[in-house]
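Remember, predicted model here, so these are calculated numbers, not experimental data. As the structure lists them, so they are numbered: ligands from 1, and atoms in each ligand from 1.
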Amino acid sequence: MTTTDPRGQIFIDPTAYADQEHWHAVAAALRAEAPVLRVEEDGYSPFWAVTRYDDVFAVSRDNERFRNTRNSVLGLDAQLAFLDTIGIEPKTLIHMDGAEHRDHRGLTNAWFRPRSVARRQADIEAIAADFVAKFRDLGGTCDFAQDIAVPYTLRVIMSIFGVPEEDEPTMLRLTQGLFGAADPEYLGDLSDPFAMVLDTIGQFDDYFQHLAEERRARPTDDLATVIANGEVGGCPMDRHATLWYFTIVATAGHDTTSFALAGGMEALLRHPDQVRALQAAPDLVVNAVDEMIRWTSPVRHFLRYLTEPATLSGVEVPAGDRLLLSYPSANRDATVFADPMAFSVSRPNANRLISFGGGEHFCLGSTFARRELRTILPLLLAAVDTIELAGEPQWAHAHFVGGVKHLPVAATFR
Ligand code: HEM
C-alpha cells in the first residue's frame with residue numbers, strides 16, 4: 001500500500017503520544033485497516049509502520065532479514081545528513097548486527113543476567129526504601145514522576161554503573177537532552193532540539209572519557225570498569241566505541257524505566273480497585289509490573305532495514321526499505337491481549353508484552369527494569385493507607401522514549 005495517509009503522523013509528531021486516547025484509536029484503526037502502512041512525510045525518508053503484534057514479533061526475531069545497521073530511530077533526513085558531515089555516527093549496541101553486535105553485547109551480558117541482577121537486590125531495596133521515606137517526608141504529596149520515579153531509577157542505574165551520587169544531576173540533564181529534546185521543558189537555553197542533541201553528545205563524551213580514564217587507572221568492581229577496559233576481538237575498544245557503550249547503558253537504563261514507573265502508577269491510580277487488589281495480594285506484583293510496562297510501552301519504536309523483500313500482513317515491502325516497529329500499538333493488539341485497552345494487574349498473559357523488543361537486541365536491562373518496579377511498588381503500597389491522583393498528569397513530547405513526566409499524587413501513610 002502506498003499512501004500519504006495522514007495517520008502516519010502519529011509516529012512522527014512528538015506531541016501525538018501525549019494524547020493517548022487519540023493515539024491508540026488511530027493505531028487500532030491502522031492495525032485493522034493498514035497494518036503495514038507506508039508513511040511519506042516531508043523531511044523523512046519513507047518508512048513502513050508495522051502495528052500488529054505478530055509482525056513486530058516476527059521482524060524482531062529475524063535479525064538476518066531485518067537488520068539494525070544505519071539509523072535505528074526516526075529522525076529528519078537533514079539532521080541525519082548533518083551528523084554525517086560532521087562525522088558523528090551513533091554506534092551503540094542498537095546500531096550493530098551479527099558478530100560485531102554479539103561481541104560487544106558479550107562484554108556486559110553477564111552483568112545483566114538474572115543471577116547477577118538478583119545480587120543487587122539489597123542495594124535496590126535500600127534505594128527504594130529511601131524514596132518511600134522521601135515521599136512520606138514530603139507530607140504524602142508529590143510529583144511522583146519527578147520526585148520519585150526519575151531519581152529512584154536514576155540512582156539504581158548509576159549505582160551499578162559506579163557513577164557517584166553527586167554526578168546524578170549531570171547524568172539526568174544529559175539523558176533528557178538526548179531523549180527529551182523535542183520537549184520544550186528540557187530545551188534549556190537552546191531553542192533548537194537538534195542543537196540540544198549535539199550539545200548533549202559533546203557533554204556525554206567529556207563526561208564518559210573522564211570516567212573511562214579514571215577506571216583504567218583505578219579499576220573497581222563496577223560496570224564502568226568493565227566498559228572502560230572492554231576488549232573486542234582481543235583489542236581494547238576505541239574512544240568512539242567506549243563513548244557509545246557508556247551512552248546506551250546510561251540512557252537506555254534510565255528514562256525508559258522511570259516512564260514505566262510513573263505511567264504505571266498513573267494507570268494504577270486511575271483504577272483504585274487495582275491498587276486495592278495489589279495491596280491485598282502483594283504477590284501479584286510480578287504480573288502487575290509486566291502489565292504496567294505493557295501499558296506504558298516507554299520505547300515507542302525502533303527501525304529495521306530489509307536485506308531482502310518481505311511480506312508482512314499481506315503487504316510486500318522491498319529490500320532496502322525500513323520498518324518502524326510500533327511497540328505501543330503491538331502491545332494493544334486484541335489478537336494477543338483480550339480487551340487490550342483495559343488495565344488489569346491480573347491480566348493472564350501480561351508477560352507477553354513486547355515493550356522490550358525481541359531477538360538478538362532484546363532489551364539487555366529488562367531484568368533490572370522489572371526488578372526496580374517490583375521492589376518499590378510493594379514497599380510503597382504497604383506504607384500507604386490511601387493513594388490517589390492529585391491533579392492532571394502531563395506527558396513528555398517525544399516520539400522515541402516518553403511517557404508521563406509530571407504526576408501529582410497524594411497519599412496518607414499508615
Ligand atoms: C521499562 C524499561 C525498559 C524498556 C521498555 C526498554 C526497552 C528496550 C527496547 C524496545 C530495546 C530494543 C529491543 C529490540 O531492538 O528488539 C532495548 C534495548 C536495550 N536496552 Fe532496554 N528497556 C528498558 C530498560 C532498560 C534498562 C534498565 C537498561 C540497562 C540497565 C536497558 C538497556 C538496554 C540496552 C543496552 C539495549 C540494547 C540491546 C541490544 O541492542 O543488544 N534497558 N530496550
**Prompt:** Would you say ligand 1 has an N or O under 3.5 Å from any N or O of E372?
**Reply:** no
**Asked** Out of C363, A260, S258, whose heavy atom is nearest to atom 18 (C) of ligand 1?
**Response** C363
**Request:** Answer yes or no: does an N/O atom from I248 fall short of 3.5 Å to an N/O atom of ligand 1?
**Result:** no
**Prompt:** Going by the atom numbers of ligand 1, which of them fall below 4.0 Å from some non-hydrogen atom of H101?
**Reply:** 39 (C), 40 (O), 41 (O)
**Asked** For atom 4 (C) of ligand 1, which of Y327, F302, F356, F112 has the closest heavy atom?
**Response** F356
**Request:** With sequence neighbours left out, write down each residue that passes ring pair (Phe, Tyr, Trp, His ring centres under 6.0 Å) with H271, or none if nothing qualifies.
**Result:** F343
**Item:** Min heavy-atom dist P298 to ligand 1 below 4.0 Å
**Value:** yes
**Item:** Positive for salt bridge (Lys or Arg N to Asp or Glu O under 4.0 Å) with E360, one of R304, R102, R67
**Value:** R102
**Prompt:** Any idea which protein heavy atom is nearest atom 24 (C) of ligand 1, and the distance to it?
**Reply:** T256 OG1, 3.3 Å
**Prompt:** Looking at F302 versus F400, is the centre-to-centre ring distance below 6.0 Å?
**Reply:** yes
**Asked** Should T51 and R31 be marked as a side-chain hydrogen bond (donor to acceptor under 3.5 Å, both in side chains) after you check the CA-CA gap, both sets of side-chain angles, and the distance that decides it?
**Response** CA-CA 6 Å; T51 43; R31 284 194 300 278; over 6 Å; no
**Fill in**
CD1 of I148 to CG of L261, rounded to nearest 0.5 Å, is 9.0 Å
**Prompt:** Among protein heavy atoms, which sits nearest to atom 14 (C) of ligand 1, and what does the distance come to when rounded to 0.1 Å?
**Reply:** R304 NH2, 3.4 Å
**Asked** Looking at atom 28 (C) of ligand 1, what's its closest protein heavy atom, distance included?
**Response** G253 CA, 3.3 Å
**Asked** Aromatic rings H301 and H399: how do their planes relate, parallel, tilted or perpendicular, breaks at 30° and 60°?
**Response** tilted
**Where at least one partner belongs to residues 217-226, residue pairs that pass side-chain hydrogen bond (donor to acceptor under 3.5 Å, both in side chains), sequence neighbours excluded** = E214-R218, R215-D222, T220-D222, T220-T225, D222-T225
**Asked** Are H95 and H101 an aromatic pair by the rule of ring centers under 6.0 Å?
**Response** no
**Per-atom contacts, ligand 1 versus G358 - under 4.0 Å to a heavy atom** = 16 (O)
**Complete:** for atom 38 (C) of ligand 1, nearest protein heavy atom and its distance come out as R105 NH1, 3.4 Å
**For atom 25 (C) of ligand 1, the protein heavy atom that lies nearest, with its residue and separation** = A252 O, 3.3 Å
**Message:** Can you report which non-hydrogen protein atom sits closest to atom 10 (C) of ligand 1, along with the distance?
**Reply:** S355 O, 3.3 Å
**Message:** Could you walk me through whether E213 and R216 satisfy the salt bridge (charged side-chain N to carboxylate O under 4.0 Å, His left out) test, starting with their C-alpha distance in whole Å, then the side-chain angles of each, then the deciding distance to 0.1 Å, before giving a yes or no?
**Reply:** CA-CA 5 Å; E213 277 160 27; R216 284 178 199 130; 5.7 Å; no
**Heteroatom proximity flag, H361 to ligand 1, N/O under 3.5 Å** = yes
**Request:** Just let me know how I157 lines up against ligand 1, side chain, backbone, both or neither, with a heavy-atom cut-off below 4.0 Å.
**Result:** side chain
**Identity of the nearest option to atom 37 (C) of ligand 1, non-hydrogen atoms only, from T367, T251, L261, I94** = I94
**Nearest non-hydrogen protein atom, atom 36 (C) of ligand 1** = L364 N, 4.1 Å
**Asked** Does R347 make a cation-pi contact with F337 (under 6.0 Å, within 45 degrees of the axis)?
**Response** no
**Asked** Quick one: is the NZ or CZ of R332 closer than 6.0 Å to the six-membered ring centre of W295, and within 45° of its axis?
**Response** yes
**Request:** Output the list of atoms in ligand 1 that are nearer than 4.0 Å to some heavy atom of T257, sorted by atom number.
**Result:** 2 (C), 24 (C), 27 (C)
